[in-house]
Amino acid sequence: MKTLLINGSPKGTQGNSEIFIQNIKKGMHTSVDVRYVCQKKPSELAASLHDYDRILMVMPLYFFSMPGIVQELLEVMDDNFAGTEFGFIVQQGFDESQAADFLKTYFKGFTNRIHGIYLGTIVRGGSAGVCFMPPSMNRKLFNQLSNLGSYLETHHRFHPDIVKAFEAPYRLSRRKVRWYRFLGRIGFMDLSWNRMMKANDAYARRLDRPYL
Amino acid sequence: MKTVLVNDYDCAVNADFILDLRKQKIQHCLGCWNCWLKTPGQCVRQDMNAFYHAFVNADEVLFCLQIHHDFISGNAKSLFDRLLVMALPYIGYEENVSRHAARYEKLPKLKFLYRPDFSTDESEQAFHTMLKTIAFQLHTFCVIEADREGTK
């Protein structure tokens with residue numbers, strides 16, 4: 001069974017989607033290829049998809065749906081994917097997985113339309129910092145991704161426990177919001193943003209409104 | 001009243017500024033975060049500068065969106081992605097939902113007019129919810145209307 005992992009990030013090999021893909025791949029033992037939407041013309045990539053039995057699309061959430069370049073691929077795909085398994089993995093910055101609700105509805109309908117077999121859409125919140133953190137802090141996530149890959153290979157579906165773990169919290173609890181607001185008031189929430197802006201000598205201009 | 005029209009079909013509405021998505025290919029968002037971290041508020045790509053100026057100074061922006069198989073075009077989606085410059089990286093919490101802080105004090109009211117091609121009511125409802133979330137994230141509000149007869 002041939003599996004294709006599609007990286008839907010405009011950042012290609014440099015972003016969090018790539019980290020997700022490499023760790024999913026670690027858990028898989030059959031033939032796995034990786035393609036990048038930012039490196040190929042949508043029509044060329046779409047034409048190559050029929051060579052695979054299983055296609056996993058991994059992408060960041062951009063404005064509550066897929067990045068524009070992923071949609072450019074989806075809109076040129078034909079509907080002759082009978083027997084091909086399709087799964088979607090979305091990683092996003094916001095904690096609450098509810099932010100990607102649209103994609104769950106959309107990808108299910110999309111897979112039905114192209115006559116594929118829908119494996120599901122998994123949303124992993126709180127992922128914006130993955131690429132900035134040392135591997136030791138991501139160990140649990142990497143193990144989950146690897147297990148996701150191996151379980152998918154043997155069971156032809158996403159591991160329900162990992163899906164559940166990734167998608168929590170679906171909504172933010174009032175308690176968590178109170179905590180985050182407290183951290184915001186003492187300046188903790190903005191620390192890493194400010195540090196990065198200072199490193200770029202951009203902190204003084206952080207509130208600029210250049211298009212007024 | 002200053003108006004902007006983003007036209008992805010033959011919508012016959014006058015506006016002070018028109019972005020015709022049928023003629024202009026929007027360069028996609030690079031996900032580089034330069035608009036947050038290096039050149040605050042400014043996109044490294046230059047193709048949308050005139051649109052950004054018109055957008056932030058408008059009272060109303062009308063998006064005429066062609067739906068095809070439950071969603072907008074990749075070109076229109078790239079335009080939405082590029083609205084990231086309107087936000088600050090800082091995150092706040094409103095109605096128990098995460099939301100980026102506003103870069104601009106006031107952004108225009110958004111009107112989404114679309115020619116529907118939805119496979120189910122659920123798909124159309126999910127699309128509405130997504131548009132409302134976008135307006136919420138931009139700290140503005142929106143009106144959503146289907147152009148079912150193709151008359152506008």
Side-chain angles (χ1 to χ4, degrees), chain A residues 9-11 14-15 38 42 60 62-76 93-96 98-99 101-106 109-110 112-113 125 171-174 176-178 180-181 184 189-190 193-194 196-197 199-212, chain B residues 26 28-34 36-42 49 51-57 68-86 88-93 96-100 103-105 118-120 122-123 125-127 129-131 133-134 137:
Chain A
S9 170
K11 294 166 88 167
Q14 301 303 309
C38 65
Y62 277 15
F63 263 85
F64 310 99
S65 58
M66 74 294 273
I69 50 169
V70 173
Q71 176 60 3
E72 285 181 13
L73 169 66
L74 302 181
E75 65 191 359
V76 296
F94 287 164
D95 275 6
E96 65 270 38
Q98 182 189 23
D101 268 0
F102 169 77
L103 284 182
K104 290 189 172 184
T105 306
Y106 178 77
F110 170 80
N112 287 339
R113 182 174 65 75
R171 287 194 180 90
L172 293 177
S173 65
R174 285 183 182 175
K176 194 154 208 176
V177 167
R178 275 201 300 272
Y180 283 166
R181 282 182 176 150
M189 296 293 275
D190 302 339
W193 294 118
N194 290 340
M196 287 188 278
M197 284 188 268
N200 294 321
D201 202 20
Y203 181 73
R205 293 175 283 119
R206 67 193 183 285
L207 304 177
D208 273 8
R209 295 168 178 167
Y211 299 115
L212 274 180
Chain B
I26 308 299
H28 64 77
C29 174
L30 295 169
C32 62
W33 286 0
N34 279 11
W36 284 347
L37 303 177
K38 290 187 179 175
T39 54
Q42 272 185 307
N49 286 354
F51 171 78
Y52 287 145
H53 274 289
F55 185 92
V56 301
N57 292 295
H68 187 55
H69 292 312
D70 295 336
F71 200 47
I72 57 176
S73 66
N75 203 31
K77 183 61 199 16
S78 286
L79 175 67
F80 283 169
D81 297 347
R82 297 276 302 274
L83 292 177
L84 192 70
V85 296
M86 301 296 156
L88 292 168
Y90 308 123
I91 296 173
Y93 300 92
N96 285 2
V97 172
S98 305
R99 175 163 76 165
H100 284 285
R103 181 172 295 281
Y104 292 90
E105 240 170 68
F118 290 100
S119 53
T120 62
E122 186 192 10
S123 302
Q125 196 50 51
F127 179 67
T129 304
M130 190 206 67
L131 293 178
T133 311
I134 288 174
Q137 284 291 327

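We use all heavy atoms of the structure for the numbers below, so side chains are in, but hydrogens, waters and symmetry mates are not.
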Count the heavy-atom pairs under 4.5 Å between each of [options] and chain B, then report the option with the highest count.
{"options": "Asn194(A), Leu74(A), Leu103(A)", "result": "Asn194(A)"}
{"options": "Gln14(A), Lys104(A), Arg206(A)", "result": "Arg206(A)"}
{"options": "Pro10(A), Pro210(A), Ser173(A), Ser9(A)", "result": "Pro210(A)"}
{"options": "Pro67(A), Ala99(A), Pro60(A), Gly184(A)", "result": "Pro67(A)"}
{"options": "Leu212(A), Ile69(A), Leu73(A)", "result": "Leu212(A)"}
{"options": "Met197(A), Arg113(A), Met189(A)", "result": "Arg113(A)"}

Side chain, backbone, both or neither: which part of [X] has an atom under 4.5 Å from a heavy atom of chain B?
{"X": "Asp101(A)", "value": "neither"}
{"X": "Ser65(A)", "value": "both"}
{"X": "Tyr106(A)", "value": "side chain"}
{"X": "Arg171(A)", "value": "neither"}

Check whether [X] gets within reach of chain A through its side chain, its backbone, both or neither, counting any heavy atom under 4.5 Å.
{"X": "Leu30(B)", "answer": "backbone"}
{"X": "Glu105(B)", "answer": "both"}
{"X": "Ser73(B)", "answer": "both"}
{"X": "Arg82(B)", "answer": "neither"}
{"X": "Phe55(B)", "answer": "neither"}
{"X": "Leu83(B)", "answer": "both"}
{"X": "His28(B)", "answer": "side chain"}
{"X": "Thr133(B)", "answer": "both"}
{"X": "Trp36(B)", "answer": "both"}
{"X": "Glu122(B)", "answer": "both"}

Open item on the list: Under a plain distance cut-off of 3.5 Å, with no hydrogens placed, do Ser98(B) and Glu96(A) share a side-chain donor-acceptor pair?
Closed with: yes
Open item on the list: With no hydrogens and no angle check, just 3.5 Å: does a side-chain donor-acceptor pair link Asn57(B) and Tyr104(B)?
Closed with: no
Selection from [options] maximising heavy-atom pairs under 4.5 Å formed with chain A:
{"options": "Asn49(B), Thr129(B), Val85(B), Thr120(B)", "answer": "Asn49(B)"}
{"options": "Asn96(B), Val56(B), Asn75(B)", "answer": "Asn96(B)"}
{"options": "His69(B), Met130(B), Gln42(B)", "answer": "His69(B)"}
{"options": "Ala126(B), Pro89(B), Ser78(B)", "answer": "Pro89(B)"}

Gap between atom [atom2] of [Y] and atom [atom1] of [X] - 0.5 Å precision:
{"X": "Trp33(B)", "Y": "Lys11(A)", "atom1": "CH2", "atom2": "NZ", "answer": "6.0 Å"}
{"X": "Leu207(A)", "Y": "Arg103(B)", "atom1": "CG", "atom2": "CZ", "answer": "7.0 Å"}
{"X": "Tyr180(A)", "Y": "Leu172(A)", "atom1": "OH", "atom2": "CG", "answer": "6.5 Å"}

- [ ] Determine, stepwise, if the pair Gln125(B) / Phe118(B) fulfils side-chain contact (heavy atoms from CB on, under 4.5 Å).
- [x] CA-CA 10 Å; Gln125(B) 196 50 51; Phe118(B) 290 100; over 6 Å; no
I'd like to know if the side chain of [X] reaches the main chain of [Y], judged simply by a donor and an acceptor atom lying under 3.5 Å from each other, with no hydrogens or angles considered.
{"X": "His100(B)", "Y": "Ile91(B)", "result": "no"}
{"X": "Asn200(A)", "Y": "Leu37(B)", "result": "yes"}
{"X": "Asp70(B)", "Y": "Ser119(B)", "result": "yes"}
{"X": "Asp81(B)", "Y": "Gly68(A)", "result": "yes"}
{"X": "Lys77(B)", "Y": "Val70(A)", "result": "no"}

TODO: If the plane angle is over 60° it's perpendicular, under 30° parallel, otherwise tilted; pick one for His53(B) and Tyr211(A).
DONE: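 Plane angle over 60°, so perpendicular.
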- [ ] Answer yes or no: is there a side-chain heavy-atom contact under 4.5 Å between Arg178(A) and Tyr93(B)?
- [x]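 In short, these two side chains do not touch, never coming nearer than 4.5 Å.
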Open item on the list: Test ring-ring contact (aromatic ring centres under 6.0 Å, His included) on Phe80(B) and Phe63(A); report intermediate values, then the result.
Closed with: CA-CA 7 Å; Phe80(B) 283 169; Phe63(A) 263 85; 7.5 Å; no
